[in-house]
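The structure appears right after this line, and notes come after that.
Side chains included, hydrogens not; waters and symmetry mates left out as well; all remaining heavy atoms used. Every chain is numbered from 1 and lettered A, B, ... according to where its sequence line falls, protein lines coming before strand lines.
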Amino acid sequence: MPELPEVETIKRGLEAHLLGKKITQICVHHPKVVRQPSLKKFKEGLAGATIKNILRKAKVLIIEFSNGRAVTIHLKMTGQLIYPGGREGSRLSFCFSDGTCLDYFDQRLFGELRLVDDWRQVAFIKGLGPEPFAMNPAQFKEMLARKKTKIKPLLMDQRFICGIGNLYAAEALFRARINPGVSAASLSDKKKGVLFKEMVATLREAILHQGSSVDNYVRLDGTPGGYVDFHQVYARAGKPCRVCKTKVKRISLGGRGTYFCPRCQKAP
DNA sequence: AATGGGACCTGCGCGC
DNA sequence: TGCGCGCAGGTCCCAT
């Protein structure tokens, strides 16, 4: 599942390869992936456009074109961007004037592409909380102070803080030795500080290793990211905790699989 | 306000 | 063997 580190990795790949490319054609193999506007307008609006800039906001990729418009791409669970493309089975392909193409794959069809005049006005993006890298510990502590909700679902709430999903929430909480079910406001000032530090460090390290290839996340060139080897708890139910050897536990929290070490992350 | 559940999707692994 | 079921989870939406 692409979260901030995975999307950032793809963003860097796009930046390295696609700036200045001119679109000649859009091949849509599954209409559902284009959410906005109509398929016809999507194609027409992109014909002849040149890629000017690549951005990431939370888990959303933004491709800005020289005509002022932008394509936003949310990979959700199983979206993949591959360049250079050409393999069978893509849901949509951007074809460029140099003969190469950027392919969008998406097994479960959760992902979505939009062509917009101003990506800043996209509702989801407007509603995003701050990027973890754009915050300081004091700000994070202040934000937690007013929240009685459970810490893990809160970290995953994109309106609260953006870019973190199920995997990195679990990893950050393990590293901070915080039980995923405790209320945010109940954390001591010190613990809040530790959580902020570990959350940022986890994301940074994951970016360094080009993301976690669980499910079907791959880098732009189709190769996997290497951070899975560093996971402490995520998808490790029943396996020994890397710190204390206690079996990692899986519970359901906020309707999501939640992995933690019952000893290292003891509930108070 | 916070929480829980369902919907969207498809492939895979499990138990019977 | 083959089949049905649960699960995977980001986001939206609705009910409580």
Donor-acceptor pair, A:Gln232 side chain versus A:Arg242 backbone, under 3.5 Å? no
Base-pairing assignment for B:dG6 (Watson-Crick or G-U wobble, both under 3.5 Å): C:dC12
Taking the nucleotide of DNA chain B with the nearest heavy atom to each, does A:Lys147 or A:Gly255 sit closer to the 5' end? A:Lys147
Would you indicate what A:Arg250 reaches in the nucleic acid, counting non-hydrogen atoms under 4.0 angstrom: base, sugar-phosphate, or nothing? sugar-phosphate
Can you check whether A:Thr149 has a side-chain N or O nearer than 4.0 Å to OP1 or OP2 of B:dT3? yes
Which nucleotide wins on minimum distance to the side chain of A:Phe124, given the candidates C:dC7, C:dG10, C:dC12? C:dC12
I need the NE2-P distance between A:His30 and B:dT10, as an integer number of Å. 7 Å
Sidechain N-carboxylate O distance under 4.0 Å for A:Glu15, A:Arg56: no
May I ask you to decide if A:Asp106's main-chain N or O and A:Gln80's side chain share a donor-acceptor pair within less than 3.5 Å? no
Report the nucleotide, chosen from B:dG11, C:dG10, B:dC8, that has the shortest atom-to-atom distance to any side-chain atom of A:Arg256. C:dG10
For the aromatic rings, using the six-membered ring if either is Trp, is the centroid distance between A:His74 and A:Phe124 under 6.0 Å? yes
Interatomic distance, A:Tyr217 OH vs C:dA8 P [rounded to whole Å]: 22 Å
Where is the tightest heavy-atom contact between A:Cys162 and A:Leu4, given as atom of each residue plus distance? O-CD1, 4.1 Å
Please determine, for the side chain of A:Lys32, which listed nucleotide (B:dG4, B:dC8, B:dA2) has the closest atom? B:dC8
Could you give the CD-to-P distance, from A:Gln80 to B:dT10, as a whole number of Å? 16 Å
Measure from CZ on A:Arg159 to C1' on B:dT3 and round the result to the nearest Å. 12 Å
Over how many whole Å does the gap from A:Leu253 atom CG to B:dT3 atom P extend? 10 Å
To the nearest Å, how far apart are A:Gln107 CD and C:dA8 C1'? 10 Å
Taking only side-chain N and O atoms of A:His74, does any of them lie within less than 4.0 angstrom of OP1 or OP2 on C:dT11? yes
Between atom CZ in A:Arg108 and atom P in C:dT11, what is the gap in whole Å? 14 Å
Out of C:dG10, B:dC8, B:dT10, which has the shortest distance to the side chain of A:Lys76? C:dG10
5'-most by nearest nucleotide on DNA chain C - A:Tyr259 or A:Lys59: A:Tyr259
Under 4.0 Å between a side-chain N/O of A:Gln158 and OP1 or OP2 of C:dG10, yes or no? no
Separation of atom OH in A:Tyr234 from atom P in C:dA8, rounded to whole Å: 8 Å
